[in-house]
Amino acid sequence: MYFLYKIIFLLFLCTWSAESEDPLGEFCNENTNITNGGKLSANIDKLLAELVLKTPSTGFVATTYGKEKDQVYALAQCRGDVSTQDCSTCIQDATKQIRQRCPNQADARIWYDYCFLRYNNRSFFGEVDTSFGIFYFNVENVSDPETFNKQLGALMDHIRAQAVMPKEEGLGKGKSMLSSFVTLYALVQCTRDLSELSCAQCLAIAVNNFPTFCNNRRGCRVLYSSCYVRYELYPFFFPLDSNKTGSPSKTLRVRVYP
């Protein structure tokens with residue numbers, strides 16, 4: 001399947017922060033250019049201001065603003081394990097950065113560790129969107145791939161099943177002991193506008209990327225517009241497993257289009 005993908009760029013970076021001012025990535029659809037200062041652009045700004053106010057209380061907002069050709073659809077969601085304050089800070093950063101990075105596009109998305117935000121001048125609510133992806137993977141390999149991949153598969157199956165349960169609101173997380181000294185941590189999340197079936201579909205697509213981009217790697221993140229998947233050999237979701245230690249090493253980032 002991935003012969004259909006074109007790798008846009010590959011980049012070394014080091015990641016070690018709970019939340020950075022810089023996003024994990026963004027997508028500005030150059031096929032949706034709009035006039036800066038026009039009605040549609042003004043509606044985007046008004047909608048983003050609404051997201052800043054409303055998202056932190058529930059961790060999720062999907063809403064619209066404007067009419068007919070100037071109508072804008074927007075979605076904002078925080079990671080389900082983060083605090084209201086961290087959610088608020090992340091959404092504020094996201095609304096500022098998305099307009100700076102995609103000032104003249106009607107279709108834009110931005111990913112942070114703690115939140116995700118997107119808008120478009122067409123409705124995308126309820127649709128599984130894996131048309132653009134960002135993949136992070138650790139440059140180091142695991143020492144026992146066979147055992148690791150078996151445990152990773154079982155953990156992913158468990159938290160994916162958890163995520164599609166209505167009460168979990170698209171979030172699944174868990175850990176698995178690989179040895180007395182090593183613990184595997186994993187988290188998945190769908191945007192809350194998706195049905196259970198659509199959530200399961202998006203997560204399946206994301207996890208199926210592991211053999212291509214993250215095979216035998218010590219850590220991996222798959223970022224789509226409809227879901228998010230991550231695993232690491234150190235604690236990264238809340239509440240943090242304080243009696244476990246570990247530090248991420250260098251990762252690679254890949255952006256791909258279909």
Side-chain angles (χ1 to χ4, degrees), residues 19 23-27 44 46-65 71-95 97-98 107-134 156-174 186-209 221-231 236-239:
E19 177 65 3
L24 295 172
E26 73 280 336
F27 171 69
I44 290 173
K46 291 175 182 177
L47 198 51
L48 291 178
E50 182 180 345
L51 295 180
V52 169
L53 291 175
K54 294 184 176 180
T55 307
S57 61
T58 62
F60 172 75
V61 170
T63 188
T64 68
Y65 190 90
Q71 187 170 16
V72 183
Y73 302 80
L75 179 153
Q77 180 165 310
C78 290
R79 216 175 71 191
D81 62 309
V82 304
S83 68
T84 300
Q85 181 57 55
D86 285 338
C87 176
S88 178
T89 300
C90 189
I91 293 297
Q92 290 179 55
D93 289 342
T95 55
Q97 288 295 319
I98 197 169
D107 176 14
R109 308 126 195 235
I110 194 163
W111 290 261
Y112 280 81
D113 193 16
Y114 285 1
C115 67
F116 168 72
L117 186 152
R118 70 179 296 192
Y119 55 78
N120 203 326
N121 61 344
R122 73 163 189 85
S123 178
F124 55 84
F125 300 150
E127 299 177 359
V128 175
D129 188 344
T130 56
S131 59
F132 172 80
I134 300 175
M156 280 294 167
D157 287 346
H158 174 71
I159 63 175
R160 284 161 58 190
Q162 182 185 44
V164 299
M165 296 174 63
K167 67 177 183 178
E168 300 297 339
E169 299 184 322
L171 177 70
K173 61 178 182 173
L187 180 147
V188 302
Q189 184 167 13
C190 296
T191 54
R192 292 193 217 168
D193 60 312
L194 296 187
S195 67
E196 295 173 22
L197 181 61
S198 294
C199 177
Q201 179 186 352
C202 188
L203 293 177
I205 293 171
V207 171
N208 284 340
N209 284 292
R221 272 185 267 190
V222 179
L223 310 172
Y224 282 133
S225 298
S226 296
C227 64
Y228 164 94
V229 173
R230 183 181 182 183
Y231 73 81
F236 67 90
F237 56 74
F238 299 103

Residues pairing under salt bridge (charged side-chain N to carboxylate O under 4.0 Å, His left out) where one sits in residues 121-130, two or more places apart or in two chains, turn out to be Arg109-Asp129, Arg118-Asp129, Arg122-Glu127

Taking salt bridge (Lys or Arg N to Asp or Glu O under 4.0 Å) as the test, write out the residues that go with Lys46, two or more places apart.
-> none

Side chain to side chain, [X] and [Y], heavy atoms closer than 4.5 Å:
X      : Y      : value
Val164 : Arg160 : no
Ile44  : Leu48  : yes
Arg230 : Asp113 : yes
Val229 : Tyr224 : no
Asp157 : Val207 : no
Phe60  : Glu169 : no
Ser226 : Leu194 : yes

Of all the heavy-atom pairs spanning [X] and [Y], show the shortest one and how long it is.
X      : Y      : result
Gly59  : Cys87  : CA-SG, 4.3 Å
Glu168 : Gln162 : CG-O, 3.2 Å
Gly172 : Ala163 : N-CB, 3.8 Å
Cys78  : Thr55  : SG-CG2, 4.4 Å
Thr95  : Ile98  : O-CG2, 3.5 Å
Ser57  : Lys54  : OG-O, 3.1 Å

SG(Cys227) to SG(Cys199) below 2.5 Å | no

SG of Cys190 to SG of Cys202, below 2.5 Å?
-> no

Look at the side chain of Ser88 and the backbone N and O of Thr84, then say whether any donor-acceptor pair between them is shorter than 3.5 Å.
-> no

Does Asp107 offer a backbone N or O that forms a donor-acceptor pair with the side chain of Asn120 under 3.5 Å?
-> no

Drop me the distance from [X]'s [atom1] to [Y]'s [atom2], to the nearest 0.5 angstrom.
X      : Y      : atom1 : atom2 : answer
Thr64  : Glu50  : OG1   : CD    : 8.5 Å
Gln189 : Asp81  : CD    : CG    : 7.5 Å
Met156 : Tyr231 : CE    : OH    : 7.5 Å
Phe124 : Ser225 : CZ    : OG    : 8.5 Å
Leu223 : Tyr112 : CG    : OH    : 13.5 Å
Gln97  : Trp111 : CD    : CH2   : 14.5 Å

Are there more than 12 heavy atoms of other residues, nucleotides or ligands under 6.0 Å from atom OH of Tyr65?
-> no

side-chain contact (heavy atoms from CB on, under 4.5 Å) between Lys173 and Arg79, worked out = CA-CA 11 Å; Lys173 61 178 182 173; Arg79 216 175 71 191; over 6 Å; no

Phe116 pairs by side-chain contact (heavy atoms from CB on, under 4.5 Å) with which of Ile110, Leu75, Leu24?
-> Leu75

Report the relative orientation of the aromatic rings in Tyr114 and Phe238; use parallel for angles under 30°, tilted for 30 to 60°, perpendicular for over 60°.
-> perpendicular

How are the rings of Tyr73 and Phe125 set to each other: parallel, tilted or perpendicular (split at 30° and 60°)?
-> perpendicular

Can Leu51 and Tyr119 be said to form a side-chain contact (heavy atoms from CB on, under 4.5 Å), step by step?
-> CA-CA 11 Å; Leu51 295 180; Tyr119 55 78; over 6 Å; no

